[in-house]
2 protein chains.
Amino acid sequence: MSCEETFAQQLRERGFRLTPQREMVLAVLHQTEGLVTAEAIHQQVRHISSAVDISTVYRTLDLLTELQMISMLDLGDGQRRYEFVGRSALHHHLLCNRCGGLTRVDASQLQLLSDHIQREFNFEVDLGSMTFRGLCGNCAANPPGGHSAHTE
Amino acid sequence: MSCEETFAQQLRERGFRLTPQREMVLAVLHQTEGLVTAEAIHQQVRHISSAVDISTVYRTLDLLTELQMISMLDLGDGQRRYEFVGRSALHHHLLCNRCGGLTRVDASQLQLLSDHIQREFNFEVDLGSMTFRGLCGNCAANPPGGHSAHTE
DNA sequence: TTGTCTGCAAACTATTTGCACCGAG
DNA sequence: CTCGGTGCAAATAGTTTGCAGACAA
């Protein structure tokens, strides 16, 4: 079953409606490799139909997240990012607190961890939305103002 | 060495100054069990000195985070939370995407994972700031708009 | 038809920033 | 005395919301 059919079906099951706006937002996410902001999605959608409003994009993103067809990432930079689930293998991210660098990491190795958390805490981890914060090798090796300067 | 002495020393080493405002913010965090928002810290501090501004609190929180004396958590609800490092054993959190429930989990079991990421990706994970998003047992068992029909 | 969805515009709010004065070192 | 720190106030900006009309089912 195509992703659009899945979408339509899930909507129907819950009494939601399938609108062109929702189809367009899903299509953009489906076509996009990697993370996208709501703003970027909005621009893509306006490419097709210029009347679509950003608030509709937000509402649709909430819906798609709820249906678990996309995953939402909040990197803490004040701008959420979204990603189509199934676009690539399940993965999580490493985010450097200093330079903001983002590394994508295959999540298969976290399956054991996730299973453990499920059993131990009865909590269903969404591996796709996980972000590990810390310091990348580069920033860890070059601390800002090691002993004198504090230029940032 | 007390936490205040550590603080004073770290500031000196970097050419920063020790001000009453900074001492107060640190004291509040030191006394507080669990997560606090900047707003809550601000209120506590104003209890002592009513002239302290929230922007100073934010600037101090950035500084303390940089010095790794506190850890910053962004749960994605538009409000960051802070926590004194060493207040309790290193831990991470499980955040339910639906009900917002937060569970604190001892991080010792993640040490292996963290070591792995360090070796494999040369990335220094900050375990204390980690949040696993997903669904708590309760919400997973009671989906929203729950046509409570199928209870397999 | 009917009740959901949308566009519009205004609101929200946590956080940031410019600036002139203040005070720690 | 210096120049980093602070209070004040205004700006920022992503996201949310109220509402009346539009439209999928």
Heavy-atom nearest nucleotide on DNA chain C taken for B:Ile54 and for A:Arg17; more 5' hit belongs to A:Arg17
Here the distance between atom C1' of D:dG14 and atom CG of A:Asp53, to the nearest Å, is 14 Å
- request: Anything under 30° is parallel, anything over 60° is perpendicular, the rest tilted; go ahead and classify B:His116 against B:Phe121.
  value: perpendicular
Checklist entry - For the residue pair A:Phe132 and B:Phe132, does the interplanar ring angle fall in the parallel (under 30°), tilted (30 to 60°) or perpendicular (over 60°) class? => result perpendicular
Between CG of B:Leu63 and P of D:dG4 the distance, given in whole Å, is 14 Å
note: A:Glu39, atom CD; D:dT12, atom C1'; distance rounded to Å ~ 15 Å
Next on the checklist: Could you check whether B:Glu83 pairs with B:Arg104 (Lys NZ or Arg NE/NH1/NH2 to Asp/Glu carboxylate O, under 4.0 Å)?
Outcome noted: yes
Under 4.0 Å between any heavy atoms, over every strand shown, what does A:Leu18 touch: base, sugar-phosphate, or nothing? Just pick one. sugar-phosphate
Atom CZ of B:Arg81 and atom C1' of C:dA14 are separated, to the nearest Å, by 12 Å
Query raised in the report: Can you check whether A:Gln21 has a side-chain N or O nearer than 4.0 Å to OP1 or OP2 of C:dG7?
Result: yes
B:Glu13 CD to C:dG25 P, in whole Å, measures 15 Å
Output for pair (A:Thr60 OG1, A:Glu66 CD), nearest 0.5 Å, gives 13.5 Å
B:Arg14 atom CZ is separated from C:dA24 atom P, nearest whole Å, by 22 Å
Taking D:dT15, C:dT15, D:dT6 as options, the one with an atom nearest any side-chain atom of B:Thr56 is D:dT6
So what does B:Ser55 hit on the nucleic acid, given a heavy-atom distance under 4.0 Å: a base, only sugar-phosphate, or nothing?
base
A:Arg59 has its side chain closest, among C:dA24, D:dT6, D:dG18, to D:dG18
For A:Arg80, report the nucleic acid contact type (base, sugar-phosphate, nothing); a contact means any heavy atom under 4.0 Å.
sugar-phosphate
Heavy-atom nearest nucleotide on DNA chain C taken for B:Tyr82 and for B:Pro20; more 5' hit belongs to B:Tyr82
Query raised in the report: Can you tell if the side chain of A:Phe7 reaches within under 4.5 Å of the side chain of A:Leu64, non-hydrogen atoms only?
Result: yes
B:Arg12 CZ to C:dG25 P, in whole Å, measures 8 Å
A:Tyr58 has its side chain closest, among D:dT15, D:dT6, D:dA24, to D:dT15
With a 4.0 Å limit, can you tell me whether B:Arg22 has a side-chain N or O closer than that to the phosphate oxygens OP1/OP2 of D:dG5? yes
Rounded to whole Å, the CG-P distance (A:Asp74 to D:dA13) equals 17 Å
From the candidates D:dA24, C:dT16, C:dG7, the one with an atom nearest any side-chain atom of B:Asp62 is C:dT16
